[in-house]
Amino acid sequence: HLISSRFQKEARRDFVVVTGGGPGIMEAANRGAYEAGARSIGLNITLPHEQAPNPYVSPELAFRFHYFALRKMHFLLHARGLVAFPGGFGTLDELFEVLTLIQTGKMAPIPVVLVGRAFWRRVVDFHYLVSEGYISRADVGLFTIVDKAEEIVAALERFQHSRRVRGACLGGFGMRERGWIVADQPRGVGRGEQQSDIAGRAREACPQLVIRRLRPAAEFQHVGQHDR
């Protein structure tokens with residue numbers, strides 16, 4: 001209700017609730033949008049013994065899938081954030097796929113919010129993964145753990161503000177045209193980046209961001225030819 005009433009005003013749909021279309025917390029999310037007079041989407045899936053579409057999904061935005069892979073792809077195609085509540089294998093599968101895609105740079109970062117501190121800290125010991133060297137300390141910054149609805153909204157807003165700052169850094173210094181990107185999480189400085197005066201000035205203006213250069217397309221083409 002809070003998301004839909006706040007971000008679907010005056011015919012604007014800055015954020016639209018998208019759920020798996022089923023019962024439980026999914027139904028609660030769709031119902032919140034319904035009671036706020038907003039539209040919401042349900043991406044249902046055919047399962048042998050559960051998951052019928054809940055009645056609060058906007059009828060014209062209710063979809064049914066047979067394959068999990070296609071369903072997840074459609075979840076992420078236009079996702080502007082992931083809010084994960086306590087759940088089972090399906091929830092964990094979708095959560096860790098998103099975190100892996102962001103960690104490896106296969107998709108643009110989105111805010112990932114885990115709801116229920118007690119649950120998530122018991123189910124997954126992220127700090128143990130860091131201490132064992134399986135993930136980096138920066139990887140823990142790929143998500144936020146909260147308890148309240150207001151904290152969810154605050155996490156989404158912080159991410160959007162950070163994205164605007166990134167856009168200002170790139171645009172103000174003409175970084176996009178020069179093939180540079182920025183990221184919130186430090187992962188080291190790439191080879192040759194220190195030699196760029198443009199990148200140096202952008203780093204001074206935006207010290208909270210890490211600015212890295214994309215590899216030229218010709219380099220990727222060369223690697224592919226070498227592999228063949």
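- Taken together through direct or relayed side-chain contacts under 4.5 Å among Ile, Leu, Val, Met, Phe, Trp and Tyr, Tyr128 and Leu142 form parts of separate hydrophobic clusters.
- Counting heavy atoms from C-beta outward, Arg71 and His66 have side chains that stay 4.5 Å or more apart.
- A distance of 9.5 Å separates CG of Asp139 from CG of Leu129, quoted to the nearest 0.5 Å.
- Glu132 is not listed as a side-chain neighbour of His127, based on a closest heavy-atom distance of 4.5 Å or more.
- Between the Asn30 side chain and the Glu27 main chain, no donor and acceptor come within less than 3.5 Å of each other.
- Using a 4.5 Å cut-off on side-chain heavy atoms (C-beta onward), Leu92 and Val123 make contact.
- Remark: Trp120 CH2 to Leu95 CG distance equals 5.0 Å, nearest 0.5 Å.
- Hydrophobic clustering keeps Phe89 apart from Val115 (ILVMFWY residues linked when any side-chain heavy atoms are closer than 4.5 Å, directly or through intermediates).
- Under the 4.5 Å side-chain contact rule for hydrophobic residues, Tyr67 and Leu43 share a cluster.
- A salt bridge does not link Glu97 to Lys106: none of the charged nitrogens lies less than 4.0 Å from a carboxylate oxygen.
- Once rounded to the nearest 0.5 Å, the distance linking CZ of Phe143 with CG of Leu82 reads 12.0 Å.
- The two residues Ser136 and Val130 have their closest heavy-atom pair at O-CG2, 3.7 Å.
- Minimum interatomic distance between Arg64 and Thr46 (heavy atoms only, all atoms of both residues): CD-OG1, 3.4 Å.
- The hydrophobic cluster containing Val57 does not contain Ile25, counting ILVMFWY residues as joined when their side-chain heavy atoms lie under 4.5 angstrom apart, directly or transitively.
- The closest donor-acceptor contact from the side chain of Ser58 to the backbone of Ile41 lies at 3.5 Å or more, if one exists at all.
- Ring centroid separation for the pair Phe85 and Phe119 does not come in under the 6.0 Å cut-off.
- The shortest side-chain heavy-atom distance between Ile135 and Gln103 falls under the 4.5 Å cut-off.
- Checked for salt-bridge contact, Lys72 and Glu94 miss the test: no charged N lies under 4.0 Å from a carboxylate O.
- Between the side chain of Asn54 and the backbone N or O of Pro23 there is no donor-acceptor pair closer than 3.5 Å.
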Kindly determine whether Phe68 and Asp93 satisfy side-chain contact (heavy atoms from CB on, under 4.5 Å), including the steps that lead there. CA-CA 10 Å; Phe68 276 106; Asp93 170 55; 5.7 Å; no
